[in-house]
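We name chains A, B, ... by the order of the sequence lines, and we start the count at 1 in each one.
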Amino acid sequence: MSTPLSKPQIISHIQKRLNYTVFDSKWIPCSAKFVCVGNFARGTGVMQIYEVQQGEAQLIKEVEKPKPIKCATFGAASLQQRHIATGDFDGNLNIWNLEVPEVPVYSVKAHKEIVNSIDGVGGLGIGDGAPEIVTGSRDGTVKVWDHRQRDSPVVNMEPVEGETKRDCWTVAFGHAYNDQDRCVCAGYDNGDIKLFDLRNMSLRWETNIKNGVCCVEFDRKDINMNKLVATSLEGKFHIFDMRTQHPTKGFASVSEKAHKSTIWQVRHLPQNREIFMTAGGAGNLHLWKYEYPAKRSKKDSDGVDVGVAGTVNLLQNVTVSTQPIASLDWNPDKQGLLLCSGFDQTVRVHIVTKLNLV
Amino acid sequence: MMDVFENCSTTADHRESLSKSLDVPVECLDYGYIEKCKDVKYLEKILKVLRSGEEGYYPHLIEFCESHLEKLNPKSRVLRKANPVATSASLGKDEWNQIVDELMTWQEETKNTEMSLQQQSTHDLMKEIPSIRGSTSSISLSKTSNAKEKGNSSKRALPRDYQEWDKFDVEKECERVDGDVLQSDHPPAVKIKGHAKIKTEVDVSLLTQQERLLLANREKDKGNEAFRAIDYEEAVAYYSRSLCFSPTVAAYNNRAQAEIKLDQWHNAMTDCQSVLDLEPCNVKALLRRATVHKHMGQLHLATDDLREVLMEEPQNAVAIALLSEIETLEENQPEQQRRGKRILIQEEEEENDDSNNNMQAQAFLAEPSQPVGGEESSAAPGERGDMGNAQKKPHSRGDRGPHGDASSSHAGQWRSKGASSDKYKVTPHESKEKVSNGTSKRDSTASSQTDQSGSGKTTQAGETVNLDAPCGALPPPLARLKNEGNLLFKNGQFADALEKYSQAIQGYTDSGIDSPQDLCVLYSNRAACSLKNGSSHDCIQDATTALELQPFSLKPLLRRAMAYESLERYRKAYVDYKTVLQIDTSVQAAHDSVNRISRLLVEQDGPEWREKLSEIPLVPLSAQQHRREEQPSAEVLQARAEKAARDAERKAEIRFSALKQEGNEFVKKGQHQEAVGKYSECLKLKPEDCAIYTNRALCYLKLEKFTEAKLDCDAALKLEPTNKKAFYRRALAFKGLKDYLACSTDLQEVLQQDPNVQEAEKELEEVTVLLRESLANDSRGKPRKTVPITEVEDDDEEPVAVPNSAGSCRGQDTTINFHPTCSVEFGQALNAACVTGNTAACSNLLASTAPEMLPQYLSTQLDGHTLSFIVQALDSHLLEKDTNLVYQHLNHLHTADRFSIALMLMEKDKRRHMTHLFEHLSSVESTEFTKNDVQNLANKYK
């Protein structure tokens with residue numbers, strides 16, 4: 001506050017009103033284009049491609065789909081193809097070629113109910129190993145898909161019969177630093193966070209943060225897992241240091257009450273994993289930086305290693321809308337270019353300056 | 001997720017008075033109290049109450065409270081305020097322009113990247129993708145029996161309605177595929193040491209250039225992050241990956257820094273060297289190399305590097321600090337020791353060679369089935385797989401004396417050390433065989449190297465040393481003597497070692513074997529002993545003998561050079577070092593010594609020092625060690641080539657844009673002929689730039705060289721078949737050539753592309769008329785308009801097409817519509833004249849305008865500048881022609897809407913024009929007005 005000029009600034013660059021509810025928006029890697037997905041008031045789905053040109057977002061393509069599209073990812077696509085994977089209200093997982101978006105290149109009925117969240121790894125040069133997509137759904141299951149296998153998931157994480165199914169709100173890949181190791185983290189409406197180890201096919205860790213988990217993300221997918229941020233319904237977020245796992249205490253964490261309303265999204269800056277942005281239910285964006293402690297692990301009384309969490313600093317906060325910001329995406333190529341869309345039917349491109357100075 | 005929303009709203013408001021719930025009495029809401037209060041938490045509460053407005057609204061008190069709280073705890077959460085999002089207006093203009101420019105260039109770049117990515121999309125099919133995970137066709141929910149998972153779920157204390165989550169249904173196949181048995185027990189704590197498993201080698205063969213750069217950058221980012229998180233080993237791993245994708249200066253530099261942090265001096269040195277190969281004066285690399293030198297005890301070299309840094313950047317604080325540190329170190333160090341140290345470096349180099357060759361030898365000797373080889377390769381990646389590292393470690397131990405070897409029972413720790421001693425045990429008969437039939441050079445070098453390295457390893461290996469290990473063609477007793485000598489040497493008993501070697505040499509000559517290589521090694525080793533003992537003369541003698549036996553062998557040469565140097569016979573030392581460098585350019589110590597000595601020689605002998613040197617022998621190619629050729633590694637070479645290409649490209653680019661800029665300048669000034677020259681030069685550099693063609697076409701049009709203009713437009717259209725400007729200009733060219741048909745076709749094309757181009761429309765109308773006329777009155781010949789060009793270029797059109805620099809030049813002397821029919825047209829015409837300062841045009845315009853209409857036409861456009869311009873025009877041109885009209889104009893002008901304001905805004909020196917005008921006007925006799933009228937009018941203009 002004292003030296004506003006040295007702080008990163010969040011600058012509004014482009015605002016584009018849309019005539020539908022936008023649920024997710026993603027930059028197309030290696031381009032100045034982005035994709036918006038959502039649903040029309042008449043109950044159909046829509047996918048639009050925009051290009052940033054001279055401070056304007058110009059619509060390049062629009063396709064209508066039978067079902068509203070909830071989420072999208074490029075994470076499992078190759079840099080050359082850049083196929084987008086989407087999850088819709090009907091539980092379908094589709095992969096589209098954006099050049100010919102009329103017919104999907106891959107389609108599967110993945111879940112019985114809406115696909116809430118999707119993430120990909122192994123594409124775009126991020127993460128060694130096979131390209132895989134993970135989907136989390138209201139039907140309580142989390143499934144991992146490989147586009148080379150048509151009808152069934154390669155891994156399925158579901159509750160046993162007879163148990164109440166919890167709504168899975170968010171999924172994220174991580175720990176994909178060689179071709180065997182890989183983890184999936186899932187967050188549920190009851191506050192559960194579960195970490196599945198895909199190499200050992202086991203539940204590696206779980207915890208409960210007492211409120212619905214709206215979003216989880218690893219600071220980087222393709223490194224030995226380092227940090228995990230989980231945001232919650234009541235406006236808090238938790239950062240877990242994933243380097244040291246204590247047999248009983250699990251991972252050390254720090255939490256911060258930041259927003260007065262739900263934190264819908266968290267996204268780490270692709271160029272610097274210690275910086276991340278959270279988006280809140282009141283239309284505000286907060287930019288944070290994680291500071292490591294002097295030593296990241298210590299011995300507890302039994303001589304077992306236990307992690308030490310660091311601290312988190314607020315770098316900047318702005319209000320961009322009165323409605324929740326539902327999606328957030330940093331441009332993977334241009335540092336500081338941020339795409340966000342909210343329930344006010346607007347997609348915005350922001351520029352965040354001085355990120356290299358913090 | 002939609003119901004998240006509802007949840008939020010239901011949990012809301014039912015709270016009582018804030019002040020009660022926070023326990024803040026009203027008395028506390030007071031300047032005095034707040035000022036004294038030091039309790040941050042309480043202050044926060046006070047602030048909350050104040051802000052709630054329950055006790056009334058006191059903006060100043062709130063402000064005061066905030067500022068006080070900020071003093072106590074600037075990071076207090078209560079102080080966080082949601083700011084409105086910044087816009088372009090909230091930044092300085094320069095800053096914003098910079099951001100926008102960056103964005104633009106990025107957009108251009110990504111477009112290109114995207115294009116090239118799309119072009120290469122076929123590559124994708126060939127790429128290997130890791131296979132699919134095992135399929136889940138048979139999901140068994142019965143895995144509940146898994147002991148671990150049960151244990152987990154029963155331990156949960158939290159009300160957990162989701163225990164089933166901890167079991168996870170995957171069939172056994174998956175586990176088999178992954179080749180990992182499910183661990184039944186957790187290790188006590190999982191300290192994740194992942195970098196051991198990060199692959200540092202990546203297959204880049206199938207990646208395109210774009211992808212490589214992208215990935216290299218990303219891996220470097222990861223390295224930087226790991227570095228900042230103080231995880232240097234991981235950082236090194238990621239930098240190595242980045243270098244695999246594309247070798248860059250930054251990655252080398254950063255890896256060097258990380259290696260310095262890890263005390264991996266040798267690797268750091270190599271990396272600095274790579275940077276300096278790419279960029280000879282990289283300050284960071286020099287600084288880092290200086291640090292490495294300092295830690296390796298090579299203070300001289302460190303000083304050299306730092307001096308170089310200071311030459312580049314005289315203010316570099318780090319370098320200055322380091323230099324002074326080293327100087328104090330140097331003072332504390334006795335001269336003798338420095339000498340010794342310098343020799344040490346040399347030994348390092350040797351050791352380096354040894355272990356390299358050792359590896360070679362091992363690969364050669366070890367049968368695949370032998371545990372040695374297998375172990376070596378499996379251990380290597382685990383130890384970060386750096387050859388350099390493996391070489392370095394045993395050596396530095398050798399220096400400091402054996403320590404930390406108690407743990408030597410771990411096979412993995414042995415690496416080359418253990419491996420080589422093993423080799424001695426396993427291979428005797430094998431290598432003998434080779435000796436018996438082996439005259440191949442490789443054999444002998446391998447064995448001669450092994451014995452040296454063996455000497456190093458045996459010290460640590462202790463009892464396991466087999467002193468009877470064979471050495472080349474030496475008979476066992478001699479070999480034993482030699483090995484003993486090596487051992488003693490390593491232990492620092494140089495005199496004893498020297499004796500052993502002497503015995504071996506004696507025995508050798510007695511036995512009469514003919515194996516000059518071995519004898520050479522013996523002499524060379526004895527030379528090393530002598531050197532260590534300080535008897536440089538003996539060293540030189542031995543080394544010379546060795547060199548007679550084996551001309552151009554590296555080690556004896558180096559040793560002799562060092563001996564010469566210690567005797568201060570610098571010229572000879574210089575010659576020897578130079579010879580060494582011919583054999584192997586990578587001997588860093590030789591490089592450094594050459595530098596040092598040449599400086600000394602310059603001091604000693606003056607500038608002609610080279611003439612006093614004896615001739616440096618030419619090393620035959622066969623003696624130059626072949627592996628040196630790879631020394632600037634393929635990576636470095638590749639990077640160099642890329643860099644050179646990029647440089648050339650950039651230079652061309654810069655020259656191109658400079659030329660273009662100059663050309664545009666000339667156009668602005670109206671010097672079309674010169675502009676044509678510049679543009680032509682541009683096209684030599686970049687024949688495929690469409691904008692240049694259209695620009696040149698414009699110049700030709702102005703010069704009325706219509707044929708050339710047409711040709712240029714044709715060229716532009718070949719490059720960009722839809723270029724509007726090219727069409728338009730070609731139309732003008734056709735018009736000039738009187739080919740009205742082609743002209744109208746082109747104009748129609750323009751209008752088809754963009755129906756809003758007014759000038760094209762106007763032009764088209766005109767041309768159609770002309771076309772008709774020319775068809776009808778073919779016999780009459782001349783159409784009325786002969787030089788339509790001046791009328792053609794309209795005000796709106798940017799005369800010079802500069803595709804990305806937004807309007808760096810605009811509106812030059814465009815022609816003016818002298819017959820305005822409405823205020824817009826008049827305004828445009830006036831503006832055009834005004835911008836170019838063309839008073840004649842303005843007077844023409846005024847002459848054709850009815851004075852009564854003037855105020856109406858001017859309406860809102862009148863400002864100080866225009867007013868003075870009009871006055872100037874009236875004064876300088878119109879006054880001579882038609883004084884009455886001037887009077888009329890002036891008479892009406894002052895009734896224009898904004899006249900009084902414009903008058904007020906007029907600058908002083910411009911007012912002088914005004915008085916001039918009236919003076920002139922009053923001096924003219926006229927029937928229309930009298931002097932009094934003029935005087936009255938002049939008063940209105942004051």
Side-chain angles (χ1 to χ4, degrees), chain A residues 9-12 30-32 78-81 116 125 129-130 146 148-149 152-157 159-161 163-164 166 169 177-180 192 194 196 199-203 208 223-224 233 243-247 261-262 271-273 281 284 292 304-305 314 317-320 333-334 351, chain B residues 1 4 7-8 80 82-88 91 99 106-107 110 113-114 117 120-121 124 129-133 135-137 139 141 144 149 158 161-162 164-170 174-175 178 180 182-183 186 188-192 194-195 197-199 211 214-215 218 221-222 225 229:
Chain A
Q9 295 289 322
I10 302 171
I11 304 161
S12 165
C30 283
S31 75
S78 76
L79 266 179
Q80 282 139 357
Q81 291 178 326
N116 276 325
D146 189 309
R148 291 165 293 175
Q149 179 170 314
S152 58
V154 288
V155 182
N156 183 2
M157 291 150 263
V160 289
E161 281 170 58
E163 291 289 341
T164 36
R166 306 304 324 196
W169 277 352
Y177 66 100
N178 59 26
D179 33 16
Q180 281 124 35
D192 275 350
K194 288 167 195 282
F196 305 103
R199 178 184 181 147
N200 296 327
M201 291 296 175
S202 62
L203 176 74
N208 188 293
I223 54 170
N224 173 21
L233 202 60
R243 279 289 159 93
T244 317
Q245 186 176 12
H246 189 273
S261 55
T262 307
Q271 289 82 12
N272 185 351
R273 66 181 188 196
N284 35 24
Y292 289 102
V304 185
D305 277 321
L314 181 68
N317 59 334
V318 296
T319 309
V320 296
D333 308 307
K334 172 83 183 149
I351 300 167
Chain B
M1 272 259 239
V4 171
N7 276 351
C8 273
R80 284 181 193 161
N83 307 317
V85 64
T87 56
S88 51
L91 289 178
I99 290 170
W106 169 74
Q107 277 171 20
T110 43
T113 326
E114 204 182 1
L117 270 178
Q120 291 152 340
S121 60
D124 199 52
I129 309 174
S131 58
I132 312 178
R133 220 173 268 280
S135 75
T136 43
S137 45
I139 300 170
L141 293 178
T144 40
E149 288 174 355
L158 274 166
D161 40 1
Y162 228 35
E164 60 278 43
W165 266 109
D166 23 15
K167 38 219 77 118
F168 175 99
D169 314 306
V170 195
C174 305
E175 295 156 26
D178 280 347
D180 253 84
L182 202 75
Q183 289 179 326
H186 258 306
V190 189
K191 180 94 180 178
I192 300 144
H195 38 262
K197 286 176 269 170
I198 298 171
K199 275 199 296 182
E211 284 176 296
L214 214 78
L215 294 175
R218 191 174 300 138
D221 280 349
K222 288 202 272 189
E225 285 167 358

### Task
Identify which part of Ile10(A) has an atom lying under 4.5 Å from any heavy atom of chain B, answering side chain, backbone, both or neither.
both

### Message
Between Arg273(A) and Asp221(B) (side chain of the first, backbone of the second, donor and acceptor by atom type, cut-off under 3.5 Å), is there such a pair?
### Response
no

#### Entry: Donor-acceptor contact present, side-chain Thr110(B) to main-chain Ser31(A), <3.5 Å
no

### Minimum heavy-atom distance Arg243(A)-Asn224(A), with the two atoms named
NH2-O, 2.8 Å

### Task
May I ask you to name which of Ile223(A), Val320(A), Ile351(A) has the most heavy-atom pairs under 4.5 Å with chain B?
Ile223(A)

### Query
So, for Lys194(A) and Leu203(A), which heavy atoms are closest and what is the spacing to 0.1 Å?
CB-CD1, 3.7 Å

### Query
So which part of Asp333(A) gets closer than 4.5 Å to some heavy atom of chain B, the side chain, the backbone, both or neither?
both

